[in-house]
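Input: a single structure, listed below in structure tokens.
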Amino acid sequence: EVQLQASGGGLVQAGGSLRLSCAASGFTFDDYVIGWFRQAPGKGREGVSCISKSDGGTYYADSVKGRFTISSDNAKNTVYLQMNSLKLEDTFRYYCAIYRGAWGSHTPPHLPWDYYGQGTLVTVSS
């Protein structure tokens, strides 16, 4: 059973930093993309950042470029999202997802993601 465990969320003041982790397990495919998404209750989902295992390619939403950095430890099948200069509008539940294969010509957030994790809550206060 594929599992994606997101952690690292919490309460932080505006301007602060958090590092989220997404640990993936229970799968056997060699190549994959892991993406971070965020969503507020009753709102649409936003693709925040993605990373490809095969070539390390990355994607960032315009709203987080220059503030967030995605990285991976392939030996641990774990992806990290370093979030700096956090803003009030970054308050969401963040969750990760995995797509089997390479993202090819897709825009990464629009991939047909195979599995999603439960997420971790990030709250930015003033």
Side-chain angles (χ1 to χ4, degrees):
E1 178 186 1
V2 176
Q3 292 189 339
L4 297 164
Q5 184 63 50
S7 61
L11 175 64
V12 63
Q13 285 192 320
S17 300
L18 282 175
R19 190 177 82 153
L20 306 184
S21 299
C22 174
S25 61
F27 61 92
T28 58
F29 38 94
D30 293 330
D31 195 13
Y32 55 80
V33 178
I34 287 184
W36 283 100
F37 297 83
R38 62 189 187 183
Q39 188 172 23
K43 302 292 186 181
R45 184 179 65 202
E46 177 186 12
V48 176
S49 185
C50 306
I51 189 166
S52 168
K53 179 190 177 185
S54 59
D55 62 7
T58 58
Y59 163 90
Y60 295 95
D62 288 342
S63 57
V64 306
K65 280 181 182 175
R67 301 188 298 122
F68 291 10
T69 303
I70 193 169
S71 62
S72 65
D73 183 338
N74 290 337
K76 296 181 179 179
N77 290 327
T78 299
V79 168
Y80 306 96
L81 186 68
Q82 178 66 42
M83 306 188 296
N84 298 330
S85 302
L86 283 162
K87 304 176 181 179
L88 297 179
E89 54 263 40
D90 293 319
T91 295
F92 289 99
R93 177 167 292 276
Y94 287 72
Y95 56 98
C96 52
I98 191 168
Y99 169 76
R100 179 192 306 198
W103 74 49
S105 60
H106 291 280
T107 301
H110 301 299
L111 287 166
W113 298 92
D114 292 293
Y115 302 95
Y116 291 87
Q118 293 299 313
T120 184
L121 182 62
V122 172
T123 303
V124 184
S125 65
S126 59

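Sequential numbering from 1 along the given sequence is applied to the chain's residues.
With sequence neighbours left out, Phe27 forms a ring pair (Phe, Tyr, Trp, His ring centres under 6.0 Å) with Phe29, Tyr32. With sequence neighbours excluded, the residues satisfying salt bridge (charged side-chain N to carboxylate O under 4.0 Å, His left out) with Arg67 are Asp90. Partners of Lys43 by salt bridge (charged side-chain N to carboxylate O under 4.0 Å, His left out), not counting sequence neighbours: none found. The ring pair (Phe, Tyr, Trp, His ring centres under 6.0 Å) check on Tyr60 picks up nothing, with sequence neighbours excluded.
Residues Ile70 and Tyr94 are members of one and the same hydrophobic cluster, defined by side-chain heavy-atom contacts under 4.5 angstrom among Ile, Leu, Val, Met, Phe, Trp and Tyr. No continuous path of hydrophobic side-chain contacts links Leu88 to Leu11 [ILVMFWY only; heavy atoms under 4.5 Å]. Leu4 and Phe37 fall into different hydrophobic clusters, where Ile, Leu, Val, Met, Phe, Trp and Tyr residues are linked whenever their side-chain heavy atoms come under 4.5 Å apart, directly or through other members. Placement of Val33 and Trp36 in two distinct hydrophobic clusters is found when ILVMFWY residues are connected by side-chain heavy-atom separations under 4.5 Å, directly or transitively.
Other residues, nucleotides and ligands contribute at most 12 non-hydrogen atoms within 6.0 Å of the CD atom of Gln13. With a 6.0 Å radius and a threshold of 12 heavy atoms from other residues, nucleotides or ligands, Arg93 has its CZ atom above the threshold.
Here the side chain of Thr91 pairs no donor or acceptor atom with the backbone of Glu89 at under 3.5 angstrom. In this structure, Asn77 contributes its side chain and Ser25 its backbone to no donor-acceptor pair below 3.5 Å. Without hydrogens or angle criteria, Trp113 side chain to Pro109 main chain gives a donor-acceptor distance under 3.5 Å.
The two residues Leu86 and Met83 have their closest heavy-atom pair at CD2-CB, 3.8 Å. Closest of all the heavy-atom pairs between Ala40 and Phe92 is N-CD2, 3.4 Å. Heavy-atom minimum distance, Ser72 versus Val79: CB-CG2, 3.9 Å. In this structure, Ile34 and Ala24 approach most closely via the heavy-atom pair CD1-CB, 4.2 Å.
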Just distance, no hydrogens or angles: give the donor-acceptor pairs under 3.5 Å from side chains in residues 118-126, sequence neighbours left out.
residue: Thr120; atom: OG1; partner: Gly9; partner atom: N; Å: 3.0

Acceptor/donor pairs from residues 46-53 side chains to any protein atom, 3.5 angstrom cut, sequence neighbours excluded:
residue: Glu46; atom: OE1; partner: Arg38; partner atom: NE; Å: 2.8
residue: Glu46; atom: OE1; partner: Arg38; partner atom: NH2; Å: 3.2
residue: Glu46; atom: OE2; partner: Ser63; partner atom: OG; Å: 2.8
residue: Ser49; atom: OG; partner: Tyr59; partner atom: O; Å: 2.9
residue: Ser52; atom: OG; partner: Ser54; partner atom: N; Å: 3.4
residue: Ser52; atom: OG; partner: Ser54; partner atom: OG; Å: 3.1
residue: Ser52; atom: OG; partner: Asp55; partner atom: OD1; Å: 3.1
residue: Lys53; atom: NZ; partner: Asp30; partner atom: O; Å: 3.0

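In this model, a donor atom of one side chain and an acceptor atom of the other lie less than 3.5 Å apart for Gln39 and Tyr95.
Here side-chain hydrogen bond (donor to acceptor under 3.5 Å, both in side chains) pairs that include residues 1-12, with residues two or more places apart or in two chains, number zero. Sequence neighbours left out, the pairs with a member in residues 82-126 that pass disulfide bond (SG atoms under 2.5 Å apart) are Cys22-Cys96. Within the structure, the side-chain hydrogen bond (donor to acceptor under 3.5 Å, both in side chains) test picks out the following pairs touching residues 79-88 (sequence neighbours left out): Ser17-Asn84, Gln82-Asn84.
To the nearest 0.5 Å, the span separating CG on Asp114 from OH on Tyr99 amounts to 7.0 Å.
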